[in-house]
There are 2 protein chains.
Amino acid sequence: MTLPSTYADRNCSLARTLEVVGERWTLLIIRDAFFGVRRFGDFVAQLKIPRAVLTSRLKSLVQEGVLVREDDASGGVEYRLTAKGEALWPVLRALMSWGDTFYSPAGAKRAFRHDEDGGLLDHEGRCQDCGSTVPVPQIRLEPGPGFEPEGPEGDAVSSAINTPRRLLQPITAPRPIPAGRGELS
Amino acid sequence: MTLPSTYADRNCSLARTLEVVGERWTLLIIRDAFFGVRRFGDFVAQLKIPRAVLTSRLKSLVQEGVLVREDDASGGVEYRLTAKGEALWPVLRALMSWGDTFYSPAGAKRAFRHDEDGGLLDHEGRCQDCGSTVPVPQIRLEPGPGFEPEGPEGDAVSSAINTPRRLLQPITAPRPIPAGRGELS
DNA sequence: AGCAGTAGTTCAGTCACTGAACCAGACATG
DNA sequence: CATGTCTGGTTCAGTGACTGAACTACTGCT
């Protein structure tokens, strides 16, 4: 967003935060990261974001410590949320919740559950069964009542995202597996 | 933000929400609205936003039902949050809270209290005294421990914002009062 | 060598934002 | 009525950001 970098109001943490996550695409990238997307190509496929923009956003998110970039076992590159990045979960939850409330008459497009006991989470992220605030890695994501199934052409990454699974759990798109890649022959 | 208007992922309420509040400046305008700013000129002065951009953002926020535009008693124009706009408070709180956590080592730049009983609000917006989730109009805003006072040149609108007061309470910048404007002679 | 997959870079075209100047209506004053 | 001020805008040239498509570079397989 780069409001002129010398914020008009340096007493506003909102402006400071928007410097980091307020640019176009940035929060969608972070959302995908929560949903398990880790690879450059998967972000491109899932978001249809121009590659140059993705490069730039990933770079600045890494610089800000929201993501880490690391080489994975198979020689590829992975982008993962740091603790600082995971701390953005309440932001995403609030944004999604507002959108569900005002733009999804049939109900939330995605539901979140406490994976340990199956309890639904309220919009403050609390488990309605056990009452605790559920840590991000224990949240299970699944299609909600307002979910609209897409055409049958869904790509691998999308359908992985739309299947019940825990947040942060890496999406393993069908990709040559380095160790045992011969299992299909 | 206008992601190509046909969202890559129409099942994401996040994308839908960002269509409405994701553009540059928009959330800062809404923050100011929560803090009591209502007039075109005050937004310009407080945010140092280009007037053309402000015009465009106000127009689309009104169109989306986040703000209402109405003529006030003295013939001026006022922009006010609707209920839909007030529902964005958790979003702002989450963004500010994240910024405070990671970019304000001396503590939150602004503190929020339950004006009825003086209790501090936690980052979920609950009063630590009475335990209730405090409705927006009952929240009192005041400088927090991380607040950095500005130079003495602070304009009227800023100093009003930085003085303890309730959210949504209109800022009355020193402005010719239609009835008795002669008080300075 | 040839091929495919991944993670980028480059580049022309378009669009949005910036900052400063200008405009118009309402009201007041002389 | 002419003048000035306040407010809420609009206009416009210059700059920067985003878009989409093509291209590059590195890796590993066959």
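Reminder, nothing fancy here: chain letters follow the sequence lines and each chain counts from 1.
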| Gap between atoms CG and P, on B/L54 and D/dG9 respectively (whole Å) | 8 Å
| query | Can a salt bridge be assigned to the pair B/R166 and B/E116 using a cut-off of 4.0 Å between side-chain N and carboxylate O? | reply | yes
| message | I want to verify a distance call: between C/dA7, D/dG8, C/dT9, whose nearest atom is closest to the B/F40 side chain? | response | D/dG8
| task | Respond yes when some side-chain nitrogen or oxygen of A/R24 is under 4.0 Å from OP1 or OP2 of D/dT19, and no when none is. | result | yes
| message | If I take atom CG in residue B/L58 and atom C1' in nucleotide D/dT10, what distance separates them, rounded to the nearest angstrom? | response | 14 Å
| said: Expressed as a whole number of angstroms, how long is the span from B/E78:CD to D/dC6:P? | reply: 19 Å
| said: Please report the distance, rounded to the nearest Å, between CG in B/L47 and P in C/dC17. | reply: 15 Å
Taking distance alone, no hydrogens or angles, what donor-acceptor pairs closer than 3.5 Å link side-chain atoms of residues 87-101 of chain B to residues at least two apart or in another chain?
residue	atom	partner	partner atom	Å
B/R93	NE	B/H123	O	3.3
B/R93	NH2	B/E124	O	3.3
B/W98	NE1	A/K84	O	3.0
B/D100	OD1	A/S13	OG	2.4
B/D100	OD1	B/K109	N	3.1
B/T101	OG1	B/S97	O	2.8

| query | Separation of B/I49 atom CD1 from D/dG9 atom P, in whole Å? | reply | 13 Å
| For C/dA20, does OP1 or OP2 lie under 4.0 Å from any side-chain N or O of B/K48? | no
| request: Pick base, sugar-phosphate or nothing for B/V53, based on heavy-atom distances below 4.0 Å to the nucleic acid. | output: base
| query | Between B/Y103 and A/R16, is there a cation-pi geometry (under 6.0 Å to ring centre, at most 45° from the normal)? | reply | yes
Would you give me the side-chain donor-acceptor pairs under 3.5 Å for residues 127-143 of chain A, sequence neighbours excluded?
residue	atom	partner	partner atom	Å
A/Q138	OE1	A/H114	NE2	3.1
A/R140	NH1	A/D115	OD1	2.4
A/E142	OE2	A/R113	NE	2.8

| task | Take atom CZ of A/F43 and atom P of C/dG5, then tell me their distance rounded to the nearest Å. | result | 21 Å
| query | Between D/dC18 and A/R57, is there an OP1 or OP2 to side-chain N/O distance shorter than 4.0 Å? | reply | yes
| request: Compare side-chain N and O positions of A/R39 against OP1 and OP2 of C/dT6 and report whether any pair is under 4.0 Å apart. | output: no
| query | Quick one: on DNA chain C, does A/G76 or A/A52 contact a more 5' nucleotide (nearest heavy atom)? | reply | A/G76
| field | Phosphate OP1/OP2 of D/dT10: any B/T55 side-chain N/O under 4.0 Å | value | yes
| field | Interatomic distance, A/D72 CG vs C/dG5 P [rounded to whole Å] | value | 17 Å
| field | Atom-pair distance (CD on B/E70; P on D/dT7), nearest Å | value | 18 Å
| message | Under a 4.0 Å threshold between the charged nitrogen and the carboxylate oxygen, would B/R38 count as salt-bridged to B/D72? | response | no
| request: Determine: side-chain N/O of A/R51 to OP1/OP2 of D/dA22, distance under 4.0 Å, yes or no. | output: no
| message | If the cut-off is 4.0 Å, is B/Y79 near the phosphate of D/dG9, judged by side-chain N/O to OP1 or OP2? | response | yes
